[in-house]
Every structure is written in structure tokens, then in C-alpha cells.
> 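Pasting in a structure now, in C-alpha cells, and then I'll have a few things to ask.
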Amino acid sequence: ESDGGLYVCMNTFLGFGREHVERHYRKTGQSVYMHLKRNVKEKSTGAAGGAVPRRKNGKVFLDEAKLVIFPDHFEIPLPNIEELPALVTIACDAVLNASSAYRKQEPDSWEEEIQVSKHARSLRQTDNGVRIPPSGWKCSKCEMRENLWLNLTDGAVLCGKWFFDGSGGNGHAIQHYRETNFPLAVKLGTITPDGADVYSFDEEEAVLDPHLADHLAHFGIDMLQMQKTENGHTDNEVRPRVSEWEVIQESGLKLKAVYGSGYTGIKNLGSSCYLGTTMQVLFSIPEFQRAYVGNLQRIFDYSPLDPTQDFATQMAKLGHGLLSGQHSKPPVKSELIEQVMKEERQHQQKGISPRMFKTLVSKGHPEFSSNRQQDAHEFLLHMINLVERNSAGSENPSDVFRFLVEERIQCCQSRKVRYTQRVDYLMQLPVPIEAATNREELIAYEAKRREAEEQRRAPPEPVRARIPFTACLQAFTEPDNVADFWSSALQAKSAGVKTSRFASFPEYLVLQIKKFTFGVDWVPKKLDVSIDVPDFLDLSRLRATGLQAGEEELPDLTPPIVIPEDTRAPEIDESSVMQLAEMGFPLEACRKAVYYTGNMGPEMAFNWIIAHMEEPESPRHPEARCPRSLKPAPQAEPRPVTPAGQPAPEESVSILTSMGFPRHQSIQALKSTNNNLERALDWIFTHPESEEGSEGASDMADTEPNDNAFSSANAHSDSTLSPDQDPVGPRIKDGPGRYELFAFISHMGTSTMSGRYVCHIKKEG
């Protein structure tokens, strides 16, 4: 629908806009393109030439297609059976009739038309005298009062199936169908004069019931008097109140529409607001703008032949779409446009749909590749990982988030300490519910809620716990107990506490309020709290200090290996062992993984290896000793040592070297990432220049600890800590620790598995 239309390469079937098709022709020499152009008309004006009229929402779309031969732009209108060879005509028809690539990839995200149930016309209802009250419903087989379904044959009120987020029920409705074969049920609370949610157990899908009013009247329900609610109470029982969703969007206020560079919306692709909000914030940061949009022409010129699979190209494309202003233009002041703008939807800008971007960044990820709602915090970390992996040899904009955390562990009995440092990208703040400033209100609300539930009345106006932000910060600074702490001073298990401080401060600090948690029944839930975040934040008092005068360090000893009494040779699934070994893992680690996962298969064993690479002190670490019959005689070779005094696990070094990386580079990567195998792999990809390090240096790295790896970490300056001071470490910048609120992303909704994300970004003050 753009002015220049779309050019489809008839060799690769990639699509290009008018400003990019010439570049593709020069790069590939492909000269035949199909040009597609859609013209939108308010009313039918007659189709000319090869235009194909289509109607939607009262508008007429005129689709034109023609072949264009480069470099002379020779045009052949379509269809053109007389002049074109048969094979070319077949190819053109196939392109024009093909389904969208995204409809093929994401069929679940496209709404299918609900069909009339085959049982609706012939449904027989039992004349048993059942009458359904207008409220106060409860499952007839349990205590559930939500997600209730009325069986349209016998009037049984039963709960639906259980969902992962804790909603749903105990599945009594489907159980009732299996016992009776009564096929149709309607969800209580969804009945309105316009219809209701009807489900067919036999057809296993949502259906339409044209005779629903008669079927409901059989049980004394008048559809014309019903209003849709969430909790089964009719609207006249509930006091009207403004929803969170309306508050966060500032509904009712006169807001000025903004257009132009940096003010372009992202369309929701189906539960994708976690992606849209995160990318809006990232491309409001100058470093991301400079890395991708500032280098746009260079990225496009050097993009591979299939740019759909190139991360830099798709990031540059998305950034240009958000920042160019080409997709966010104010409406033209003509009588026709002003007439159309009377409809509320016309006040919305067109925005962009980053489908190709979502397909690429979610490729191979079990969650982000789905059409389900996801966690914005997890997606941000996923994006940082992709940016780092694809920034080798170029500017890495995610450097602005990276900082060093100093962890201090103290043995409570000997009072000795150990200091370690690790790289992180965000600060997670706990929510201390006990610090609520309105505890009396909360107690009174809970009493009223229980009373209303017992008397089957509408619930009272909800009261939210108000937690001071300072209380969240205080909870972050409190010492945490270390589970199963082994004291090297006592050479025995003891009580230990851990505190965390900033060894450096990033340019942009990402804070996550930990509102998502697990209940005592392990069902994920969201804490319903209100926290006022300040506009300005000074964290300089949380700067790490390192080893203090008078403190004594814990000895650098590893815990003893506990050998099980049963010394019989365990049974090992050798086929699983060999499958893992073919992936490049050392044979011993594969045998251990299969053993500890109980011969549950190579997939479980693979996950075990990855999970235990980050636990160097665990007896189940792949480097730790196996049961006797699994482990060969120990090697006498000295083990490489990391800056913190902890040896780089030889098993991790072996895994990296088996992937083809030099031994010295593998050790450097593990040293720089606190022995984290996954981060070490990313470090290698983002530090190709370290491959040129001398072998002599690697020999020293194998045996000598580097005490100066974080020597500048506590310098109170705005300088870059590495790679200038530490050529093998990750690039760490340090600042004063004072911040101004720049953007925030809010999750609206009560469930961890649904809801909506909204972002607010400060621009131009």
C-alpha cells in the first residue's frame, strides 16, 4: 500500500520496497521482479487494466500486478497469457495466490470464524425443574465459584478445566460430559442480550447456538436481562469504577496526538505487547539508535543475500521504522479525510507490524516463537543476548546496561568472608509486603471480602498494598541466607549470609520490581501492590567496597566429595551417552548426565549438563567426582585458575575446545564470565580479537591467577573499566550511580500468563 508498492524477486521471492529493489538488483543481478501495488478507494470507481477490486470495511482495494525487468524497468502487465511463457505465467499465478508467510507460520494468531454447532438445532433438554439464579453460582461438585459452565441439557453448573496460571477449575464440566454425553455448555458470566460463550464438548471447540435464548429460557434465564461480568454478578450489583487499563492510558483526558520521528506505534501481532514495549524503550536509547539506524546504509549494503535471517538488518529496519517518521504522519487536512476521521479508529496512526523481526528473534525459542503472552523482563534479557552475540567487531549498544555486582559471602561461625564479582544487566528489587503503609486498610478489606463471599454479595472495592520504594531498596540490601553453605574455614556445612553491592554503575540501570512469585501451592501469581518509583534515584551508597580492613578471607578450598555407600556399577543408557558425545560434550560428562537423570533420555541429560555447568561447588557439577564406577583416575595436570581464585572447570574448557575454540581463548572466556559456560560462549563470539592472543599468554593463564582482573572495579570514575585495563574482560562502564527515570513498562492484569504491557517513555522533557 506504500507509494512505491512492493517488488517481489521472482528468483528468491523476497519482497523489497521501491528504495531497496535497486540495491538487491546490483548485489545479485536478479532482473525480474513482480511489482504489486494496492490502491485504496473509498468507493468503487471501476477497475482499470490489471487491477483486481476487493472490498473490506466499506472500502475498495484495487490490486495491480505487473512484471518489471531491470535495469530498464521494462513493464509487462499481468495477467498476460499471450506474451508470457507458460512457466512464467504459472509462477506469477502462484505468487499472487500464495497465502501470507505469516499466516502459514502463525496459524493460531489468526481468528477463525466460529461455526454453528451441529447439536444446536436438535438439542434435547431435560425437564427436571432446574432454575438457575442470576448470581451466587457454585460448582455442584466442588467449591469453585469462577469459570463455571451451565450444561444446556440438564442444567448442571460445573467448573471448567484448570490452567497453568491457577485460573480455571477442576474439570468437572468435561467429566460430566464423559458420563452423560450432553454436548453443549454455556459459560456463566458471559451471557448478554447479544449472545454468550458456548462450547461443544463433542466438537471440541467454541460454537454458535442460534437457539441459545430458548435453551436458556428452559432454565429460567432471560438473555435480555443479563449483563456480561467476570465474577458472575450482574452489573447493577457492582459499583461502576474506572479500570486500571483506562487509568494507564489516561482515558477521559484530552491528549494531543503526536507524529513524526520517534513517535511511531507498533501494532500488536497477537499477545506481542511484551515485544512492542521493550523495543520502543530500546530504540529510545541513543546507543541503539546510533548502532542500527545511524549505520543503516552500511548494514543494508553489507547484508547477506537473505536479509530476513540477518539480525543487524532486521534491527536496522525496525529502528528506521520507529525513528524515520515515515510511518507516523499527521492526517492531511482535506474534507474527505476530516469526514473519515470522525470515526475514532482514524485518530490512530498507522504504525508498523514487525512480523519479520519477531520471526527472526524468536526463532528456535520455545516461548517467544509462540503466540502466547510472555514476560517483558525475559524478552529484554533475550534481546541483550542477541545484540551481544551479533555485535562482534562492531559497537555493542547493550554495553549501556552491563555492570559488575560484588557478592560478599560470610561464614556466620568463623566470620570469614569471600568476595566474588559477576556481570549483570538488571537489578531485581524484592517486594516486602510486610512494609505496607496501609496495613489497617488491608485487614479491613480482607474481612469485608470474606463476608461478601459468604453472603454471596458483590465484592468490595479492592484495596491495594502500598509499598514505599525505599522499603524495596532496603530489602535488596539485606543479607540473604545461603542454602547448603559449606565453610572452607570450618571444612563443614555452616550458616552463611550473602550481600550484593554494585562494583560499577551502568549508564542505563534496568530495575525489575519482582511482582511475580509462586504461592504455597506452586501456582504462579502476581502481587497486587502499588509502588511509587521516584523520578530521581541515588544509589551511590550501594557501591561495593571490597575486602575491608580487619576482614579475613575464607580459604580457597573445595568441599569434599561424598561417595555413596552403594559401590555397585549403575546402569547407563549407552545410546544416550553416545548421542550427547556426538554433540561435542566430553564422554565422562555425558555418562554422568545420563546417570543423574535416571536414564530418562538424551534430552533430559543435555538439560542436566547445561544446568550444572554453573554450579562449580556442587558435587553434581560435571567436573565433580562420579560414583566410583563412572569416573576414571584423576589427571595430574594443573587446572587453570580464574581471577577470583576459583579454577576454570576443566570440563567447561573441554566443551569449548571441542567446539573448535582455542584452549587459551576458552580459559579467557571462562575467567571473564565467572565460569558461566553459556556466558563464556557469548563472550567468545563478541571478542573475536582475543583469538589473536599469544599461546605463551595462554600457558600462563592455565596456571597463574590474575589478581588484577577487577582492579579498577571500585574506582569512582566515569571511565570504561575494560577492555582498556583488562583486555580479556567484558566491556564495563562505570558511572556515579545517580539516575533519572527515563522509561517504565507496566504489566496490566492479575495473571502471570495474560494481561497487557504498556510503556511510558520520557521524550523531549
Side-chain angles (χ1 to χ4, degrees), residues 135-138 143-147 163-169 189 229-235 237-251 375-377 427-481 511-535 537 741 744-758 760:
S135 63
W137 310 305
K138 187 178 78 170
E143 297 298 316
M144 288 294 299
R145 295 180 180 272
E146 297 177 349
N147 192 23
F163 296 110
F164 177 70
D165 66 347
S167 65
T229 64
E230 291 296 325
N231 53 12
H233 298 280
T234 54
D235 278 357
E237 292 177 304
V238 182
R239 295 187 297 277
R241 58 174 179 260
V242 179
S243 69
E244 276 189 330
W245 183 237
E246 293 172 311
V247 171
I248 201 74
Q249 294 191 110
E250 301 176 83
S251 297
D375 185 78
H377 151 245
M427 178 185 186
Q428 292 185 309
L429 287 183
V431 179
I433 296 293
E434 65 278 2
T437 58
N438 58 336
R439 298 184 66 179
E440 292 78 9
E441 290 182 61
L442 293 171
I443 294 172
Y445 163 73
E446 186 61 24
K448 291 180 181 178
R449 188 191 64 78
R450 289 178 180 173
E451 181 183 351
E453 188 175 299
E454 291 172 358
Q455 299 181 5
R456 298 187 177 183
R457 296 202 316 264
E461 188 82 16
V463 176
R464 178 170 295 142
R466 292 195 293 271
I467 312 293
F469 184 79
T470 52
C472 299
L473 272 181
Q474 183 62 33
F476 172 83
T477 62
E478 294 293 330
D480 280 337
N481 292 324
L511 284 175
Q512 184 208 12
I513 308 292
K514 296 173 69 174
K515 284 190 176 183
F516 294 120
T517 184
F518 285 93
V520 292
D521 53 359
W522 284 97
V523 173
K525 65 177 183 178
K526 180 182 176 183
L527 300 178
D528 191 17
V529 296
S530 174
I531 300 174
D532 285 332
V533 180
D535 287 325
L537 186 62
L741 185 63
F744 58 92
I745 298 176
S746 312
H747 176 267
M748 311 306 300
T750 58
S751 170
T752 60
M753 306 298 289
S754 60
R756 192 77 66 85
Y757 282 103
V758 186
H760 287 74

> Inspect the contact between R439 and E434 and indicate whether a charged nitrogen and a carboxylate oxygen are less than 4.0 angstrom apart.
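No, no charged N to carboxylate O under 4.0 Å.
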
> Atom CZ in R145, atom CD in E453: separation rounded to 0.5 Å?
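The distance works out to 6.0 Å.
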
> Could you tell me if the side chain of L511 sits less than 4.5 Å from the side chain of L537, heavy atoms only?
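Yes. Closest side-chain heavy atoms under 4.5 Å.
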
> Are the side chains of C472 and P430 in touch, meaning some heavy atoms are under 4.5 Å apart?
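C472 does not reach P430 side chain to side chain.
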
> F469 and D532: which non-hydrogen atoms are nearest, and at how many Å?
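Taking F469 first and D532 second, the nearest heavy atoms are CB-O, 3.4 Å.
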
> Tell me, please, which residues at least two apart from E478 pass side chain to side chain donor-acceptor pair (under 3.5 Å).
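Testing E478 for side chain to side chain donor-acceptor pair (under 3.5 Å), a comparison that skips the adjacent residues, returns Q474.
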
> What is the distance from atom OH of Y757 to atom CD1 of I745, rounded to the nearest 0.5 Å?
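One gets 8.5 Å once the value is rounded to the nearest 0.5 Å.
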
> Between H377 and Q428, is there a side-chain heavy-atom distance shorter than 4.5 Å?
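The answer is yes, as the side chains (C-beta and beyond) meet within the 4.5 Å cut-off.
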
> Any heavy-atom pair between the side chains of K515 and V529 that's under 4.5 Å?
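Answer yes - side chains close enough.
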
> Hey, what do you get for CZ (R449) to CD (E454), rounding to the nearest 0.5 Å?
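R449 CZ to E454 CD: 10.0 Å, rounded to 0.5 Å.
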
> Taking the side chain as everything from C-beta on, heavy atoms only, tell me whether V758 gets closer than 4.5 Å to M748.
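A side-chain contact exists here, since the closest heavy-atom pair is under 4.5 Å.
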
> Quick check: do I443 and K448 have side-chain heavy atoms less than 4.5 Å from each other?
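No, every pair of side-chain atoms sits at 4.5 Å or beyond.
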
> Tell me if a side-chain donor or acceptor on Y445 pairs with a main-chain N or O of P462 at a distance below 3.5 Å.
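Pair absent, no side-chain N/O of Y445 close to backbone of P462.
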
> Apply side chain to side chain contact (heavy atoms under 4.5 Å, CB included) to the pair I513 and H747, showing each step before the final yes or no.
CA-CA 11 Å; I513 308 292; H747 176 267; over 6 Å; no

> Less than 4.5 Å apart, side chain to side chain, heavy atoms only: is that true for I467 and P432?
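Result yes, sub-4.5 Å side-chain heavy-atom pair found.
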
> Do the ring planes of H760 and F744 sit parallel (below 30°), tilted (30 to 60°) or perpendicular (above 60°)?
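Rings of H760 and F744: parallel, as their planes differ by under 30°.
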
> Identify the two heavy atoms, one from N438 and one from R464, that lie closest to each other, and give their separation to 0.1 Å.
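What the structure gives for the nearest pair is ND2-O, 3.0 Å.
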
> Using a 4.5 Å cut-off on heavy atoms from C-beta on, say whether the side chain of F516 contacts that of V431.
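A side-chain contact is absent here, since even the closest heavy-atom pair is not under 4.5 Å.
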
